[in-house]
Amino acid sequence: MPLRPGPVYVEILRAADSVPRGRLTTFGEIARTLGDYRAAKAVAEVISVMGRAYGVPWHRVVSSRGEILRGAEEFLREEGVVVKGGRVVDLTRRLVEAGELEARPILAEMRRTQRILAERVILEDEVERPELVAGADVAYRWERDEGGLPVEVARGAVVVVDTDLRVVDGSIQISPAVMPYVPTYLGFREFPALARALSRLSFDVAMMDGHGIAHPVFFGEASHVGVCLDIPALGVAKRRLVGKIRGEELIYMTRQVGWALPVKPEGRPVYVSPGHKVSLEGSAKIVKKFRGGTRIPTPVRLAHKLAEFPKPGEGRFGETSSL
DNA sequence: GCGACAG
DNA sequence: ATCTTGTCGC
């Protein structure tokens, strides 16, 4: 099966390819063309890692302050662009703005999909007393395909844990990443790898690294996975994406979307939010029950470890540990 | 420099 | 998330 970069990677490269010789654009302009300025950092990474190998004029894409990518200076000079101190001098005059770039507003389309699917989220407990919790996480690595082209690879891992916090089952699934990490679109990035691993196992509720409804359109990764696989799911995150903390409640747009559960009296809280077929109360209850003395609950912690790509020379059969 | 947006 | 040296604390 040949590795093909997903549509978001393709649109980023297409946008860069539409910048003519002697002109420039920015990571942010490309991100806005895709439909969301939040993708600016992802654009920078994709252009710098994939641009040269895919034959697009990567050197014509710079930061909003005119900072150029490493190695771009000689190519820009050759096109008559003046570079001084690692920055282009006349960005304004040469700038190709978002409206002139050739790319589809794919992130805007994905946002619409999130809004539609968010209406399907159910915030009631399907399972009253979960016995088996599936911790799920994904690790990433840039690799090269058979033709030497860089592709980002996802390694999804799921660990099923019982009420004694014992591992009873697990799965690892490797697949090409479908899109780079863009804040608020994490569900799209991780869903394929998670779905492959989750669909091979049986459990009562899935717990993943990320947020559930604590999201700008109430459709974080845990909601995405929960709705699309029609399984109970909840999110556990180390950092906040949206909302304000009031006591232990996480409030966004006048309603509670999750919890900021204290771990130690003075330590940082862990953010918990329902994804699908789990209630607010249920999500906190499950995390407390399956938390083994550490900040990150055991199922997610183990999944995180299992997802890691083995270092060269370590592990057998491509596995980090045996399950 | 500030603000900050999961992974 | 990944890249990475040393450092702090249970």
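Proteins get letters first, then strands, A, B, ... in listed order; numbering begins at 1 in each.
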Chemist: Answer with base, sugar-phosphate or nothing: what part of the nucleic acid does A:A214 contact at a heavy-atom distance below 4.0 Å?
Modeler: nothing
Chemist: Rounding to an integer number of Å, can you tell me how far A:E308 CD sits from C:dT2 C1'?
Modeler: 11 Å
Chemist: Is A:R87 paired with A:E67 through a side-chain N to carboxylate O contact shorter than 4.0 Å?
Modeler: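 Salt bridge between A:E67 and A:R87, a charged N being under 4.0 Å from a carboxylate O: no.
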Chemist: Is A:R141 paired with A:E143 through a side-chain N to carboxylate O contact shorter than 4.0 Å?
Modeler: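 Looking at A:R141 together with A:E143, the answer is yes, because their closest N to O distance falls below 4.0 Å.
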Chemist: Would you kindly give the CD-to-C1' distance between A:E152 and C:dA1, to the nearest whole Å?
Modeler: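 It is 8 Å, rounded to the nearest whole Å.
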Chemist: Would you please confirm or rule out a distance under 4.0 Å between OP1 or OP2 of B:dG7 and any side-chain N or O of A:R239?
Modeler: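 Indeed, a polar side-chain atom of A:R239 lies that close.
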Chemist: Whole angstrom is fine here: how far is it from CH2 in A:W142 over to C1' in C:dC3?
Modeler: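 To the nearest whole Å, that distance equals 15 Å.
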Chemist: Without decimals, in angstroms, what is the distance between A:F191 CZ and B:dA6 P?
Modeler: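 Distance check: A:F191 CZ to B:dA6 P gives 22 Å.
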Chemist: Is the shortest distance from a Lys or Arg side-chain nitrogen in A:R77 or A:E74 to a carboxylate oxygen in the other one below 4.0 Å?
Modeler: no
Chemist: Once you round it to whole Å, what is the distance between C1' of B:dC5 and OH of A:Y271?
Modeler: 13 Å
Chemist: Counting side-chain heavy atoms from CB outward, which of B:dC5, B:dA6, B:dG7 is closest to A:R189?
Modeler: B:dG7
Chemist: Which part of the nucleic acid, if any, lies within contact of A:Y181, taking any heavy atom under 4.0 Å across all strands shown: a base, the sugar-phosphate backbone alone, or nothing?
Modeler: base
Chemist: Which part of the nucleic acid does A:F188 contact within heavy-atom distance under 4.0 Å: base, sugar-phosphate only, or nothing?
Modeler: nothing
Chemist: Over all strands shown, is A:R240 touching base, sugar-phosphate only, or nothing at heavy-atom distances under 4.0 angstrom?
Modeler: sugar-phosphate
Chemist: Could you check whether A:K277 pairs with A:D125 (Lys NZ or Arg NE/NH1/NH2 to Asp/Glu carboxylate O, under 4.0 Å)?
Modeler: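 Not counted as a salt bridge, because no side-chain N and carboxylate O are separated by less than 4.0 Å.
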Chemist: If you check the A:R38 side chain, which of B:dC5, B:dG7, C:dT2 turns out closest?
Modeler: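 Taking heavy atoms from C-beta onward, the closest nucleotide is B:dC5.
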Chemist: Output yes when at least one side-chain N/O atom of A:K238 is less than 4.0 Å from OP1 or OP2 of C:dA1, else no.
Modeler: yes
Chemist: Using whole Å, report how far CH2 of A:W259 lies from P of B:dA6.
Modeler: 23 Å
Chemist: When the distance from OH of A:Y140 to P of C:dT2 is rounded to whole Å, what number comes out?
Modeler: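 Checked: the OH to P distance equals 9 Å.
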Chemist: Give the rounded distance in Å between these two atoms: CZ of A:R295 and C1' of C:dC10.
Modeler: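 The answer, rounded to whole Å, is 17 Å.
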Chemist: Have a look at A:H304 and say if it touches a base, only the backbone sugar-phosphate, or nothing, with a 4.0 Å heavy-atom cut-off.
Modeler: sugar-phosphate
Chemist: Ignoring the backbone of A:Y37, work out which of B:dC5, B:dA6, B:dG1 is nearest its side chain.
Modeler: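 Comparing B:dC5, B:dA6, B:dG1 against the side chain of A:Y37, the answer is B:dC5.
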Chemist: Does A:L123 have any side chain to side chain contact (heavy atoms under 4.5 Å, CB included) partners at least two apart in sequence or in another chain, and if so, which?
Modeler: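 Testing A:L123 for side chain to side chain contact (heavy atoms under 4.5 Å, CB included), a comparison that skips the adjacent residues, returns A:V121, A:I213, A:R255, A:P274.
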Chemist: Please work out if A:K41 contacts a base, only the sugar-phosphate, or nothing of the nucleic acid, heavy-atom cut-off 4.0 Å.
Modeler: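 A:K41: no heavy atom of the nucleic acid under 4.0 Å.
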Chemist: Remember a base hit wins even if backbone is also touched, and classify A:E190 as base, sugar-phosphate or nothing at under 4.0 Å, heavy atoms.
Modeler: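 If one applies the 4.0 Å heavy-atom cut-off, A:E190 turns out to touch nothing in the nucleic acid.
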